[in-house]
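Counting starts at 1 for both ligands and their atoms, in listed order.
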Amino acid sequence: MRKEALYSGKAKTIYKTDDPKQYISEFRDSLTAFDGKKKSEAANKGYFNAQISKKIFEMLEEEGIPTHYIEMVSGNEMLVRAVEIIPIEVIPRNIAAGSITRRYPIKEGTVFKRTVIVMDYKSDEYADPMMNEDIAVAMGIATYEEIAHMRSMALKINEILVEYLDKKGFALPDFKLEFGRVDGEIVVADEISCDTCRLWDKSTGQSMDKDLFRFDKGDLSKAYEEVARRIVPEIFE
Ligand code: TMP
Ligand code: ASP
């Protein structure tokens with residue numbers, strides 16, 4: 001079923017399958033941060049992120065949000081629709097953390113009254129510079145309609161995720177979405193996991209996401225396991 005690799009990124013490898021409309025996305029244990037400058041591995045990270053992503057994609061589909069997710073083919077391999085990725089990271093921000101506190105005079109922990117949507121151009125070479133609709137159209141990577149659609153999908157997904165994660169005991173300061181085109185529609189692609197979200201434990205305020213690795217703040221595998229226990233308890237039965 002799994003054929004040759006099409007593309008290997010920093011944390012996942014995408015493989016072709018017998019069906020040109022479907023790919024397999026393999027979640028690996030490798031970890032990188034700061035545009036690939038910091039590298040490591042964490043035991044079971046690929047498995048936990050794949051399972052968390054699967055659960056979130058299924059939940060979003062139930063809420064009427066289209067995603068590339070089809071089904072799991074193993075613990076850390078996901079069958080997905082083959083999409084054309086739009087190289088824009090769409091980041092809903094609810095509480096200030098990370099790059100927005102470095103690039104602008106906004107203090108970490110500031111709660112935004114209105115969700116801030118940041119769009120970045122996905123490029124290690126250019127260090128993910130800020131994107132807007134005029135630049136995207138000038139570069140020919142997306143249309144005005146697509147940018148507006150991604151923005152409204154991101155706001156809707158944010159609302160759903162904040163409520164969902166709140167019930168599991170997490171605050172969601174921010175997270176990153178990628179979208180792809182397939183059969184004339186725009187669907188959520190890539191992953192939604194501890195690598196692509198900031199998750200803070202509501203009772204302790206502890207980071208339970210990739211910031212543990214970025215800033216050497218603690219045991220990443222243990223934290224990801226705890227997130228998986230709350231989001232996909234069935235895999236521990
Ligand atoms: P940032 O504060 O570094 O811009 O990150 C915002 C959110 O996006 C955070 O939840 C981590 C996620 N993110 C990715 O998933 N991939 C990336 O390449 C970057 C820079 C951030
Ligand atoms: N800079 C990204 C991050 O810190 C990841 C990367 O570019 O390797 O999440």
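- Annotation: cation-pi geometry satisfied between Arg230 and Phe170 (NZ/CZ under 6.0 angstrom from ring centroid, within 45° of ring axis).
- Only the backbone of Asp195 comes within 4.0 Å of ligand 1, judged by heavy-atom distances.
- Donor-acceptor pairing under 3.5 Å is lacking for the side chains of Asp29 and Tyr47.
- Less than 4.0 angstrom separates some heavy atom of Gly98 from each of these atoms of ligand 1: 2 (O).
- In this structure, Glu26 does not pair ionically with Lys12, as no charged nitrogen and carboxylate oxygen lie closer than 4.0 Å.
- With Arg102, Glu178, Lys176 as candidates, the residue nearest to atom 16 (N) of ligand 1 on a non-hydrogen basis is Lys176.
- Checking Asp35, Asp174, Asp124 against atom 9 (C) of ligand 1, the nearest heavy atom belongs to Asp174.
- Lys176 and Asp128 are not joined by a salt bridge, as no carboxylate oxygen comes within less than 4.0 angstrom of a charged side-chain nitrogen.
- Around atom 2 (O) of ligand 1, the closest heavy atom drawn from Gly36, Ser99, Ala96, Cys194 belongs to Ser99.
- Taking every heavy atom of Thr196 and a limit of under 4.0 angstrom, the matching atoms of ligand 1 come to 10 (O), 12 (C), 15 (O).
- Lys45 forms no cation-pi arrangement with Tyr224, by the criterion of a distance under 6.0 Å to the ring centre and an angle within 45° of the ring axis.
- Close contacts between ligand 1 and Asp128 involve ligand atoms 18 (O), 20 (C) [criterion: under 4.0 Å to a heavy atom].
- When non-hydrogen atoms are compared, ligand 1 lies under 4.0 Å from the backbone of Cys197 (N, CA, C, O) but not from its side chain.
- By the 30° and 60° cut-offs, the orientation of the rings of Tyr121 relative to Tyr126 is tilted.
- Between Asp120 and Arg103 there is a salt bridge, since at least one side-chain N of the basic residue sits less than 4.0 Å from a carboxylate O of the acidic one.
- The proximity of Lys122 to ligand 1, defined as any non-hydrogen pair under 4.0 Å, does not occur for either the backbone or the side chain.
- Ligand 1 has a nitrogen or oxygen under 3.5 angstrom from a nitrogen or oxygen of Arg93.
- When atom types are taken as modelled, the side chain of Ser53 and the backbone of Ile192 share a donor-acceptor pair closer than 3.5 angstrom.
- If you check each of Arg214, Arg198, Lys210 against atom 5 (O) of ligand 1, the one with the closest non-hydrogen atom is Arg198.
- The atoms of ligand 1 that sit less than 4.0 Å from any heavy atom of Ala97 are 2 (O).
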